[in-house]
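Computed from heavy atoms alone, side chains included, the values below leave out hydrogens, waters and symmetry copies. Model, not experiment: these values are computed from the prediction. Letters go in sequence order (proteins before strands), and every chain restarts at 1.
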Number of protein chains: 2
Amino acid sequence: MNSMFSHYNCEEASELNAVKSCSFYKKKQSIFLAGSSPRGVYCLNEGKVKVFSLGENGKEHIVHIAKEGEIIGFRAMLSGDPYEVSAETLEDCNICFIAKEDFLNMLDGNVKLRQNVMQSLSKELNIRTKLLTNMAQKSVRERLAFSLIFLDKVYQDEEAINLSREDLANFIGTATETIIRLLKDFKEEGLIEIHTRKLSILNHNELLRIAGE
Amino acid sequence: MNSMFSHYNCEEASELNAVKSCSFYKKKQSIFLAGSSPRGVYCLNEGKVKVFSLGENGKEHIVHIAKEGEIIGFRAMLSGDPYEVSAETLEDCNICFIAKEDFLNMLDGNVKLRQNVMQSLSKELNIRTKLLTNMAQKSVRERLAFSLIFLDKVYQDEEAINLSREDLANFIGTATETIIRLLKDFKEEGLIEIHTRKLSILNHNELLRIAGE
DNA sequence: CGATCACTTGATAATCCTCAATCCTTGTGG
DNA sequence: CCACAAGGATTGAGGATTATCAAGTGATCG
């Protein structure tokens, strides 16, 4: 079901099944809020979720967009601190919950899972660092190109990237109007296609070049 | 010696002593380079170290400034990937090296160390996320105020923050000239004191307010 | 004590934000 | 099924912030 559990054999899988509890979430439903204490982790089976923090002006900054198969919120659970970020569904979702105790028990008894968790943390740290450097050095236009390529992977199973302009702006770290203008530029340059909310990439290589990768 | 090993008892400490090898580094000496493969981790006993990545234009972005007691480079070692960042001393340093094999062995046999490593990763991820949101939403002036407070903690054992204007700019993600102008503003507002390279904070609270914390 | 490097200042231009007005889409209730 | 309301998307104007370039000045180190 999930990359982190993908090595599981039958016995382990049934152990996992015993402790997880799945439920449906509607679009725009909150999963957890920054400041609250983690009681476990969430496995995203279906749908997309945004993970974001709020600047002191109340402006949202989207730190991550999670897709099917990802585990959400285990960073805070491991450190024992309250959540620093909030999570909310972007569409209807199917999400499993695993209680902290159960997850830590599994972690204790399973070397491979432990390695996966550490690798996962390492990988996230890596991506976050990359994004930080991007944010520090690149223009909004470059960041948009980069983000479109990134989002294209997230939405690869769908027909197109499906995000509100505001969410896109909050992901890239700019104003909604700026995003709209730049998307228009990209469209006129023949790089992307726009159908209201839905964006598709026409010229991947050129976007890569603009992103400066 | 180090926060990550601070729980060590006598026996563990001697095990640690057996595998570590210490050496001196001169100012501006490279510790490791992005792209190379990690062969172990580095414990910073004395001095400061900058960890940075390079944008495709070759411009440096300082991701972290490490001080005495920190461990450097274990992210890449755990994930097994090549370094994504480079590390270089900012002043004369005393640094211990622990080979990958030895570190992983210790990790295997020591629950507490494992928890510390995970906590450490979690904490770094947290800080990196915070910085990312700052970078996305705050002006250079706000980021400078934030960074001065951050650096004040890093340099708390010294008389003052001691960084080149360029390093400061590369940490904050802006141009050197911008930093110089803003530092001048802060000085005129009575918030900081400047003695060529050395910066000290005079009005901590006002800087906090400007940083928007 | 000269040369190199860091720092500073000014002028100019590009980028991006904010505000305000308008248009379009979508969902809802009649 | 239609009309209307509400929220999202778009456009334009204007201004603030920040980058870039060029030309100094000052500090440091062999």
Inset, instruction - Would you classify A/Thr176 as touching base, sugar-phosphate or nothing, given that sugar-phosphate means primed atoms plus P, OP1 and OP2, and contacts are heavy atoms under 4.0 Å? - result: nothing
Inset, instruction - Give B/Lys27 one of three labels, base, sugar-phosphate or nothing, depending on what nucleic acid heavy atoms sit under 4.0 Å from its own. - result: nothing
Legend entry - Side chain A/Glu142, main chain A/Gly212, donor-acceptor under 3.5 Å: no
Inset, instruction - Look at the side chain of A/Ser53 and the backbone N and O of A/Val85, then say whether any donor-acceptor pair between them is shorter than 3.5 Å. - result: no
Roughly, in whole Å, what's the span from [atom1] in [X] to [atom2] in [N]?
X	N	atom1	atom2	answer
B/Met135	D/dT18	CE	P	12 Å
A/Ile179	D/dT10	CD1	P	11 Å
A/Leu182	D/dT10	CG	C1'	14 Å
B/Gln137	D/dT17	CD	P	17 Å
A/Ile180	D/dG8	CD1	P	12 Å
A/Arg141	C/dA14	CZ	C1'	14 Å
A/Arg197	D/dG7	CZ	C1'	12 Å
A/Asn57	C/dT18	CG	C1'	13 Å

Inset, instruction - Could you run through nucleotides 19-30 of chain D and give me one letter per nucleotide, 5' to 3': B if any protein heavy atom sits under 4.0 Å from the base, S if only the sugar-phosphate is that close, - if neither? - result: SBB---------
Legend entry - Presence of A/Lys184 side-chain N/O under 4.0 Å of D/dA9 phosphate oxygens OP1/OP2: no
Legend entry - C/dC16 phosphate, OP1 or OP2, under 4.0 Å from A/Lys138 side-chain N/O: no
Legend entry - SG atoms of A/Cys43 and A/Cys96 less than 2.5 angstrom apart: no
List the atom pairs, with distances to 0.1 Å, where a side-chain N or O of residues 181-194 of chain B and a protein N or O form a donor-acceptor pair under 3.5 Å, not counting sequence neighbours.
unit_1   : atom_1 : unit_2   : atom_2 : d
B/Glu189 : OE1    : B/Arg141 : NH2    : 3.2
B/Glu189 : OE2    : B/Arg141 : NH1    : 3.2

Inset, instruction - Flag the pair B/Lys26 and B/Glu91 as a salt bridge only when some basic side-chain nitrogen lies within less than 4.0 angstrom of an acidic carboxylate oxygen. - result: no
Inset, instruction - Can you establish whether the number of heavy atoms outside A/Glu46 located under 6.0 Å from its atom CD is more than 12? - result: no
Inset, instruction - Decide salt bridge (charged side-chain N to carboxylate O under 4.0 Å, His left out) for A/Glu124 and A/Arg75; before the verdict, give the C-alpha distance in whole Å, the side-chain angles of both, and the deciding distance to 0.1 Å. - result: CA-CA 10 Å; A/Glu124 259 195 75; A/Arg75 209 273 326 150; over 6 Å; no
